[in-house]
Visitor: 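One structure follows; several queries about it will come next.
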Amino acid sequence: MNNRSLRAVFMIATPLMLVAVWWAYVRLFKIPRFVLPPPAEVGSAFVALFRDGAIWPHLAHTLGIILAGFAIGSGLGFALGFMLGKSPRVERIIGPYLFFFQTAPKIALAPLFILWFGLGLTSQIVLVVSLVFFPVMAGTILGLRSVPANFGFLAEVLHLTRRDRLVRIELPSAVPEIFAGLKVGAVQATIGAILAEWLSGGQGLGYLMVFAGTTYKTPMLFAMVLITSLLGILIYQALAGLEKWLLSWR
């Protein structure tokens with residue numbers, strides 16, 4: 001069996017094994033369903049959410065927050081990361097302030113965002129932007145400063161202009177590090193959107209999770225956890241596919 005087949009078998013067998021252990025644990029120890037429902041009930045709740053169509057408006061709402069916050073945060077992170085990556089002097093001046101902001105726990109900043117921007121979409125998107133911004137900025141800085149020195153010598157030999165050097169050498173070489181930051185930012189964006197909807201949302205996947213928890217609909221709550229996890233994985237894999245396509249020249 002080759003590595004590809006072995007990986008496929010592992011990907012299928014692992015979830016099945018986890019579900020079997022889950023089912024056995026619930027049955028053997030007679031765990032109350034409001035604490036840990038059996039897998040069949042969670043699966044039924046998962047299917048019901050999509051079959052009844054109740055999930056779609058909430059999924060669209062959360063996805064919109066994720067995409068808006070990710071786009072804005074990535075754009076700002078790349079722009080500032082580019083500036084700092086090309087100018088170490090500027091980084092020494094403003095870097096400490098950026099790191100101070102990053103170390104502040106976002107769960108503590110979320111109420112401030114609600115106070116400043118209200119309970120609507122703005123505060124939710126701002127929270128996502130704050131989570132996405134730093135990983136993308138750090139990845140951009142690292143990528144621009146990790147260009148092999150040989151490429152710089154090649155640019156001099158070819159007499160490339162600063163623009164051509166940036167477009168043909170520096171940015172393509174920095175793609176892996178930039179996408180590393182983007183992928184971390186995508187996961188953070190999903191977490192941030194759910195957190196924002198927990199605190200101030202009347203719609204979205206986070207709101208449904210709060211609703212399921214407060215009404216003791218545990219199967220629905222587990223189904224929502226599964227849906228949000230799958231959403232984060234899909235966004236991450238989409239970025240990984242885009243990265244692979246951009247790096248196909250390697």
Side-chain angles (χ1 to χ4, degrees), residues 1-18 50 59-60 62-86 102 125 128-155 158 160-195 205 225-250:
M1 184 180 292
N2 57 35
N3 290 336
R4 187 172 183 179
S5 300
L6 186 63
R7 184 170 59 180
V9 171
F10 181 79
M11 290 178 63
I12 296 172
T14 301
L16 293 177
M17 183 179 66
L18 292 175
F50 288 93
L59 181 60
T62 301
L63 188 60
I65 293 175
I66 292 172
L67 294 179
F70 180 75
I72 297 171
S74 298
L76 293 175
F78 177 79
L80 188 57
F82 179 84
M83 182 176 68
L84 299 182
K86 301 294 289 184
Q102 176 61 20
I125 292 175
V128 175
V129 168
S130 69
L131 290 168
V132 173
F133 169 79
F134 191 84
V136 178
M137 183 195 71
T140 303
I141 294 173
L142 179 62
L144 291 174
R145 293 183 180 176
S146 300
V147 179
N150 292 338
F151 286 1
F153 299 145
L154 177 62
L158 296 176
L160 296 180
T161 63
R162 292 182 62 182
R163 178 182 176 279
D164 289 338
R165 179 172 178 168
L166 175 66
V167 173
R168 297 184 181 184
I169 294 178
E170 294 178 351
L171 287 180
S173 298
V175 164
E177 287 80 8
I178 293 173
F179 266 87
L182 287 172
K183 287 185 285 188
V184 173
V187 175
Q188 294 281 69
T190 306
I191 296 171
I194 300 301
L195 173 61
L205 300 182
V225 171
L226 179 60
I227 290 170
T228 54
S229 298
L230 291 174
L231 179 61
I233 291 171
L234 287 174
I235 296 173
Y236 182 93
Q237 290 299 326
L239 285 171
L242 179 60
E243 178 187 13
K244 185 176 180 180
W245 177 74
L246 289 174
L247 293 176
S248 59
W249 56 274
R250 285 194 167 187

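This chain uses plain numbering: 1 for the first residue, then up along the sequence.
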Visitor: Side-chain polar contacts of residues 63-78 - donor-acceptor pairs under 3.5 angstrom, sequence neighbours left out - could you list them?
Guide:
unit_1, atom_1, unit_2, atom_2, d
S74, OG, F70, O, 2.6

Visitor: Which atom names give the shortest non-hydrogen contact between A193 and T62, and what distance separates them?
Guide: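 Heavy-atom minimum between the residues: CB-CG2, 4.2 Å.
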Visitor: Identify the heavy atoms of S146 and E177 that sit nearest to each other, and give their distance.
Guide: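 It is CB-OE2, 4.3 Å.
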Visitor: Is the shortest heavy-atom distance from the side chain of V184 to the side chain of V132 under 4.5 Å?
Guide: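 No; the side chains remain at least 4.5 Å from each other.
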Visitor: On a heavy-atom basis, which atom in L144 and which in G85 lie closest, and how many Å separate them?
Guide: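 Result for this residue pair: CD1-CA, 4.4 Å.
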Visitor: For the atom pair NZ (K183) and CD (Q237), what is the distance rounded to the nearest 0.5 Å?
Guide: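 With rounding to 0.5 Å, NZ (K183) is 8.5 Å from CD (Q237).
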Visitor: With side chains defined as the heavy atoms from C-beta onward, is the minimum distance between Y236 and T190 less than 4.5 Å?
Guide: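 Of all side-chain heavy-atom pairs linking T190 with Y236, none is under 4.5 Å.
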Visitor: Could you give the distance from CG (L205) to CG (L59), rounded to the nearest 0.5 Å?
Guide: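 That separation rounds to 5.5 Å.
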Visitor: Looking at residues at least two apart in the chain, or sitting in another chain, which of them share a side-chain contact (heavy atoms from CB on, under 4.5 Å) with L18?
Guide: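 In terms of side-chain contact (heavy atoms from CB on, under 4.5 Å), with neighbours along the sequence ignored, L18 is linked to T14.
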Visitor: On a heavy-atom basis, which atom in G192 and which in V128 lie closest, and how many Å separate them?
Guide: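 Nearest heavy atoms, G192 then V128: C-CG2, 3.9 Å.
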Visitor: Please give me the minimum heavy-atom distance between S173 and P176, naming the atom from each residue.
Guide: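 Nearest pair, atom of S173 first, then P176: O-CD, 3.4 Å.
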Visitor: Under a 4.5 Å cut-off applied to non-hydrogen side-chain atoms, are L182 and F179 in contact?
Guide: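 L182 reaches F179 side chain to side chain.
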Visitor: Run the salt bridge (charged side-chain N to carboxylate O under 4.0 Å, His left out) test against E170 and tell me which residues pass, sequence neighbours left out.
Guide: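 So E170 forms a salt bridge (charged side-chain N to carboxylate O under 4.0 Å, His left out) with K86, R165.
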Visitor: Determine the minimum heavy-atom distance between P135 and G185, stating which atoms define it.
Guide: CB-N, 4.2 Å
